[in-house]
Number of protein chains: 2
Amino acid sequence: MSTSTNSARKPPPLICTVDLVLLTLRDEQLQVLLLKRERDPFAGALALPGGYVHADQDQGCEDAAHRVLRDKAGLEGLYLEQLATFSGPGRDPRGWSVSVAYVALVDAGRLARRALPAPGCSWLPVDRLPALAFDHGHIVEAAVARVRSKSLYSSLPAHLCPEPFTLPELHAVYQAVLGESVNPVSFRRKMDELDILDAVTGAKRAEGPHRPAQLYRLRKEFRQRLRLVGRGLKA
Amino acid sequence: MSTSTNSARKPPPLICTVDLVLLTLRDEQLQVLLLKRERDPFAGALALPGGYVHADQDQGCEDAAHRVLRDKAGLEGLYLEQLATFSGPGRDPRGWSVSVAYVALVDAGRLARRALPAPGCSWLPVDRLPALAFDHGHIVEAAVARVRSKSLYSSLPAHLCPEPFTLPELHAVYQAVLGESVNPVSFRRKMDELDILDAVTGAKRAEGPHRPAQLYRLRKEFRQRLRLVGRGLKA
DNA sequence: CTAATAGTGTCTATAAGACACTATTTG
DNA sequence: CAAATAGTGTCTTATAGACACTATTAG
């Protein structure tokens with residue numbers, strides 16, 4: 001195992017983790033799951049759920065991310081996508097670290113039905129966060145930017161909407177994620193173009209006295225992935 | 001340093017590297033820099049330039065990527081962006097590995113002026129690659145998809161065009177990267193909208209007997225980053 | 001003058017936004 | 001019937017593509 005160039009020398013020990021930005025929509029706001037840290041570094045501060053990659057059991061960082069979701073949030077089968085990798089000597093006081101960050105989405109209905117809310121874990125609106133542990137504030141920022149940007153031209157917000165849902169409900173979800181109103185006609189056209197919905201036979205009754213809205217579910221093919229279109233709702 | 005939960009146990013040793021997809025445009029084709037591996041694993045096969053992250057000198061994986069570019073390709077100050085992170089037990093036979101992949105762009109003129117082409121390094125068209133070492137074939141695929149997609153709505157291809165350049169030359173670069181013709185009027189409008197070019201006083205003479213084209217350079221602000229617009233040239 | 005490419009003016013096509021209209025429910 | 005929201009038809013507006021036109025050079 002001799003090395004002939006400096007770039008082939010034994011790697012120094014690195015901290016390698018995954019961190020999860022688990023987002024949901026509550027009170028018409030994007031909210032992120034945060035855990036209160038019990039140990040140093042940053043004991044007492046809020047941090048993203050995360051954990052070491054387990055070389056003995058994970059088939060990749062995405063596996064580790066799913067494991068963290070299961071162990072720390074009790075959730076499985078969520079939409080998950082890699083966000084970016086954050087690294088450097090300063091982000092974790094224990095040493096040079098690499099964190100592969102993922103974004104996961106869960107609808108509020110599923111959260112309500114879930115077994116354990118778990119102690120020390122809390123949902124906070126992404127636009128009014130306190131200082132977080134490590135560089136997790138920046139990671140959340142990047143995640144929210146990604147989610148908002150993709151919401152303009154993809155089926156992403158559907159993963160935040162409890163099923164079955166009506167088009168007006170999904171419309172409201174898009175608006176809440178984007179933080180601005182979306183033209184209802186353009187919205188319906190975009191949903192048509194995306195072609196991600198299955199109509200459920202039977203209409204949902206609205207609260208007041210008026211025409212009920214058709215119920216839909218996400219087509220199976222798009223439960224774990226997005227449908228993208230070339231052009232979005234706005235620029 | 002005792003651990004109270006399984007997720008806080010000492011991390012197992014991981015191989016953590018950066019890999020670079022360095023792209024250029026030659027013969028109207030996107031080409032990628034590949035190095036012939038001298039050592040196992042995959043001795044003799046072509047691989048992306050890469051290297052271990054050096055915790056003692058790198059301020060982050062991006063630093064390591066710049067270092068690899070400098071040491072293995074003799075290039076500095078290129079446009080560089082993080083692509084994605086690839087990981088798992090199978091991609092490197094030496095063990096569970098994490099590779100943070102970056103895309104870098106260099107114009108062919110700069111390559112021609114560069115000191116060393118270096119032995120064992122070659123440029124190959126991305127659309128006709130042999131089997132590569134590790135999962136580098138997939139990494140190149142992802143990089144090319146990213147570059148083509150971003151070329152529709154950003155200044156990215158300008159980094160592949162030797163300066164100073166004319167608009168027809170830049171137009172040709174966009175077309176070569178996208179692999180399809182681009183409406184010339186739309187192209188000029190998009191360049192106007194991007195607002196990334198400085199006209200150089202003095203016109204370039206074309207080969208044949210005809211009106212010479214205005215020369216441009218990339219504005220300084222956009223040498224190391226992209227300008228994005230809301231909507232692109234096509235869907 | 002012609003030939004050739006650079007660059008523009010403007011019409012057409014497409015897709016998003018605006019807005020009015022119809023549809024369906026409860027009371 | 002009125003009231004309220006669901007859903008559609010269609011006009012307007014914005015922007016990309018098509019195409020013809022002018023501009024500028026060499027010979």
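Throughout, protein chains are lettered first and strands after them, A, B, ... in sequence-line order, and every chain is numbered starting at 1.
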> Please figure out whether Pro184(B) or Ala206(B) has its closest DNA chain C nucleotide nearer the 5' end.
Ala206(B)

> Tell me the interatomic distance from Leu152(A), atom CG, to dA15(C), atom C1', rounded to whole angstroms.
15 Å

> Which listed nucleotide (dG7(C), dC19(D), dA18(C)) is nearest to the side chain of Val185(B)?
dC19(D)

> Please compare His210(A) and Phe187(B) by the position of their nearest nucleotide in DNA chain D and report the one closer to 5'.
His210(A)

> Might you point out which heavy atoms bring Val106(A) and Thr24(A) nearest each other, and give the distance in Å?
O-OG1, 2.7 Å

> Measure from the side chain of Arg205(A), starting at C-beta and using heavy atoms only, and say which of dT26(C), dA16(C), dG17(D) lies closest.
dT26(C)

> What's the closest nucleotide to the Gln214(B) side chain, out of dC19(C), dG7(C), dG7(D)?
dG7(C)

> CZ of Phe165(A) versus P of dA6(D): gap in Å, rounded?
15 Å

> For the pair made of CE in Met191(B) and C1' in dT15(D), what is the distance, rounded to whole Å?
15 Å

> Of the listed nucleotides (dT26(C), dT24(C), dT24(D)), which one gets closest to any side-chain atom of Pro212(A)?
dT24(C)

> Separation of Asp192(A) atom CG from dA15(C) atom P, in whole Å?
13 Å

> Please figure out whether Leu215(A) or Arg189(A) has its closest DNA chain D nucleotide nearer the 5' end.
Leu215(A)

> dG7(D), dT8(C), dT26(C): which one has an atom nearest the side-chain heavy atoms of Arg211(A)?
dG7(D)

> Return the value, rounded to whole Å, for the distance between atom CD of Glu207(A) and atom C1' of dA6(D).
14 Å

> On DNA chain C, does the nearest nucleotide to Glu193(A) precede the nearest nucleotide to Glu169(B) from the 5' side, or the other way round? Give the residue.
Glu169(B)

> Minimum heavy-atom separation for Gln31(B) and Arg26(B), please, with both atom names.
OE1-NE, 3.2 Å

> Check the distance between dT25(C)'s P and Lys204(A)'s NZ and give it to me in whole angstrom.
16 Å

> What is the distance from NE2 of His171(A) to P of dT5(D), rounded to the nearest Å?
14 Å

> Considering only heavy atoms and no angle criterion, is a donor-acceptor pair shorter than 3.5 Å present between the side chain of Asn183(B) and the base of dA18(D)?
yes

> Counting the atoms with a prime plus P, OP1 and OP2 as sugar-phosphate, which does Arg188(B) contact under 4.0 Å by heavy atoms, base, sugar-phosphate, or nothing?
base

> Please find out if less than 6.0 Å separates the ring center of Tyr216(A) from that of Phe165(A).
no

> Would you call Arg217(A)-Asp198(A) a salt bridge at under 4.0 Å N-O?
no

> Closer than 4.0 angstrom, basic N to acidic O: yes or no for Arg227(A) and Glu193(A)?
no

> Arg231(A) has an atom CZ; how far is it from atom P of dA13(C), in whole Å?
16 Å

> Can you tell which of dG7(D), dG7(C), dA16(D) lies closest to the side chain of Ala213(B)?
dG7(C)

